[in-house]
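Everything below concerns the one structure shown next.
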Amino acid sequence: QVQLVESGGGSVQAGGSLRLSCATSGYMHRSGCLGWFRQAPGKEREAVATVFSSGAGTYYADSVKGRFTISRDAAKNTVSLQMDSLKLEDTAMYYCAADTRFHTGLRYCPIVGYNYWGQGTQVTVSS
């Protein structure tokens, strides 16, 4: 059983930065995956960034490449998302998720199949 609690959302002007953090509890083996997903009103949920529990193999959606950075601190049981150069279209509810399956041999974590989810934190970007 894995529990996830997000924090750090809020409101920011376009071009600004926010840092989301997700506290994880429960066992995560090194080849498990952690990810940040988001869902805007009227849109489907999309993967933003993923990383192996070991901290390796980061994946980013094209829409956030070069602006967002995912990082995993296994010692502190956290996964964070640094969001810079925020755009209006980044406005969404952001969710932290964990996939506890074994993913040995993969270069990147999958973006589907996550079996544990946090409650979400709202990010609002205004002009």
Side-chain angles (χ1 to χ4, degrees):
Q1 192 81 327
V2 174
Q3 293 182 326
L4 307 158
V5 179
E6 303 99 333
S7 61
S11 297
V12 65
Q13 287 192 321
S17 298
L18 279 175
R19 184 176 181 86
L20 305 183
S21 186
C22 175
T24 69
S25 61
Y27 176 69
M28 283 288 298
H29 53 82
R30 290 177 59 82
S31 69
C33 291
L34 293 159
W36 286 96
F37 296 76
R38 66 186 181 186
Q39 186 166 21
K43 294 188 177 181
E44 292 188 356
R45 186 172 61 199
E46 63 173 346
V48 174
T50 65
V51 65
F52 286 105
S53 185
S54 65
T58 54
Y59 158 87
Y60 297 95
D62 288 342
S63 58
V64 306
K65 272 182 187 175
R67 300 189 297 121
F68 289 13
T69 304
I70 189 170
S71 59
R72 164 66 167 163
D73 188 332
K76 294 183 179 179
N77 290 325
T78 60
V79 58
S80 300
L81 185 69
Q82 177 66 38
M83 305 186 294
D84 298 318
S85 302
L86 282 160
K87 303 178 179 180
L88 297 179
E89 52 264 40
D90 293 320
T91 294
M93 184 71 79
Y94 283 71
Y95 298 91
C96 176
D99 178 351
T100 55
R101 295 173 297 173
F102 287 86
H103 297 95
T104 52
L106 295 183
R107 186 175 181 183
Y108 301 110
C109 283
I111 58 172
V112 296
Y114 285 70
N115 49 349
Y116 294 96
W117 293 83
Q119 293 299 307
T121 185
Q122 178 68 36
V123 171
T124 302
V125 184
S126 60
S127 58

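The first residue of the sequence shown is numbered 1, and numbering continues consecutively from there.
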Same cluster or not: [X] versus [Y], using hydrophobic residues (I, L, V, M, F, W, Y) connected whenever any side-chain heavy atoms lie under 4.5 Å apart?
| X | Y | answer |
| --- | --- | --- |
| F52 | Y59 | no |
| V5 | V51 | no |
| W117 | M93 | yes |
| L81 | L88 | yes |
| V64 | I111 | no |

Quick one: closest heavy-atom pair of [X] and [Y], and the distance?
| X | Y | value |
| --- | --- | --- |
| G8 | L18 | O-CD2, 4.0 Å |
| Q122 | A92 | NE2-O, 3.4 Å |
| R19 | S80 | NH2-CB, 3.5 Å |
| W36 | C22 | CZ2-CB, 3.6 Å |
| S53 | A74 | O-CB, 4.2 Å |
| G57 | Y108 | O-CD2, 3.7 Å |

Are any side-chain N or O atoms of H29 and backbone N or O atoms of Y27, one a donor and one an acceptor, separated by less than 3.5 Å?
->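 No.
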Do any N or O atoms from the side chain of E6 and from the backbone of C96 form a donor-acceptor pair under 3.5 angstrom?
->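 Judged by distance alone, yes, a pair lies under 3.5 Å.
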CD of Q3: more than 12 outside heavy atoms within 6.0 angstrom?
->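 It does not: Q3 CD has 12 such atoms or fewer within range.
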If you draw a 6.0 Å radius around CZ in R30, do more than 12 non-hydrogen atoms from other residues or ligands fall strictly inside?
->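 For R30, atom CZ is not crowded (no more than 12 foreign heavy atoms under 6.0 Å).
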Side chains of [X] and [Y]: does their closest heavy-atom pair fall under 4.5 Å?
| X | Y | result |
| --- | --- | --- |
| Q1 | Y116 | yes |
| C109 | D99 | no |
| C33 | P110 | yes |
| R67 | Y60 | no |
| Y95 | L20 | no |
| R38 | S63 | yes |

Does the side chain of T100 come under 3.5 Å of the side chain of N115 through a donor N or O and an acceptor N or O?
->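 There is such a pair between these side chains.
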Will you find, in the side chains of S54 and R72, an N or O donor that is under 3.5 Å from an N or O acceptor?
->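 Checked: S54/R72 side chains show no N/O donor-acceptor pair below 3.5 Å.
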Assess whether side chain to side chain contact (heavy atoms under 4.5 Å, CB included) is satisfied between T104 and S31, documenting all intermediate values.
-> CA-CA 6 Å; T104 52; S31 69; 3.9 Å; yes
Do the ring planes of F37 and Y114 sit parallel (below 30°), tilted (30 to 60°) or perpendicular (above 60°)?
->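 F37 and Y114: perpendicular rings.
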Apply salt bridge (Lys or Arg N to Asp or Glu O under 4.0 Å) to the pair D90 and K87, showing each step before the final yes or no.
-> CA-CA 5 Å; D90 293 320; K87 303 178 179 180; over 6 Å; no
